[in-house]
Amino acid sequence: MNLRPAVFLDRDGVLIEDAHYVGCTSRVRLIPGAAEAVAALNRAGRAVVVVTNQAGVAKGMFTEAAVEAVHAFLAEQIAGYGARIDAFYYCPHHPDGEVAAYRTRCECRKPGAGMLRAAAADLGLDPTQSWMVGDRETDLAAGAAVGCRTVLVRTGYGAGVDATALDRDGLNLELVATDLADAVAKLGLGAAARRAA
Ligand SMILES: [Mg+2]
Ligand SMILES: [Zn+2]
């Protein structure tokens, strides 16, 4: 079986503005250039997988149905740019959550790699040929744990991260990019987008 290369994307601060616990479609704002960047990844033959911590569920701020509604809305928004997310994975847990059903120290909450492992198994992906793009160190750690190379973006929380303090080797950090569009261009995966433009 041929395993596909993927690009794993954090959601808040990478695809959409990090508005702090986004549980409602009215608060979804695409980061400029992000939808076009996903379209370029689609054309480059990469599986595009969102892996997002949604502890707002464990904290009782919104339901899993609300998370899924946000994802459906996001998918619809980017479809307008010819872009497609192959799969969304989210972690609804938190070790200190208010909602008992979700109060657990799980393996899916990043920096745990459970969501990436599940996606790799479900979709037939090769993490060692894949990238993880995130705005927090925990995103990069989750990617590195399964052998992805990683990219830190300066959108969202990433604007304030001191990249010089990061363990570049331990995090497989290869690139610090302005935003997702810049990351895709610098990874050499945006050529198809430029030709199509
Ligand atoms: Mg984030
Ligand atoms: Zn979890």
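When a ligand or atom number is given, it counts from 1 through the structure's own listing order. Quick caveat, the model's predicted, so the values are computed rather than measured.
- Linking Ile, Leu, Val, Met, Phe, Trp and Tyr residues whenever their side-chain heavy atoms come within less than 4.5 Å places L15 and L189 in a single cluster.
- Between V38 and L9 the shortest side-chain heavy-atom distance falls below 4.5 Å.
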Show me the side-chain donor-acceptor pairs of residues 59-72 shorter than 3.5 Å, one per line, residues at least two apart or across chains.
unit_1, atom_1, unit_2, atom_2, d
K59, NZ, Y21, OH, 2.6
T63, OG1, A65, N, 3.4
T63, OG1, A66, N, 3.1
E64, OE1, Y90, OH, 2.4
E64, OE2, Y102, OH, 2.8
E68, OE2, Y90, OH, 2.7
H71, NE2, R11, NH1, 3.0

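- No side-chain heavy atom of L180 sits under 4.5 Å from any side-chain heavy atom of T155.
- Annotation: side chain of V151 is not in contact with side chain of K186 (no heavy-atom distance under 4.5 Å).
- Counting only protein N, O or S atoms closer than 2.8 Å to the Zn ion (ligand 2) gives 4.
- The number of protein N/O/S atoms found under 2.8 Å from the Mg ion (ligand 1) is 3.
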**Request:** Would you sort out whether K110 and D10 count as a salt bridge (charged side-chain N to carboxylate O under 4.0 Å, His left out), showing the intermediate values?
**Result:** CA-CA 10 Å; K110 294 173 288 182; D10 175 45; 2.8 Å; yes
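- Counting only heavy atoms from C-beta outward, the side chains of I16 and R29 never approach each other to under 4.5 Å.
- Counting heavy atoms from C-beta on, the side chains of V14 and I31 never come closer than 4.5 Å.
- Here L140 sits in one hydrophobic cluster together with L152, Y157, V161, L166, L171, L173, V176; the rule is ILVMFWY side chains under 4.5 Å apart, joined directly or through other members.
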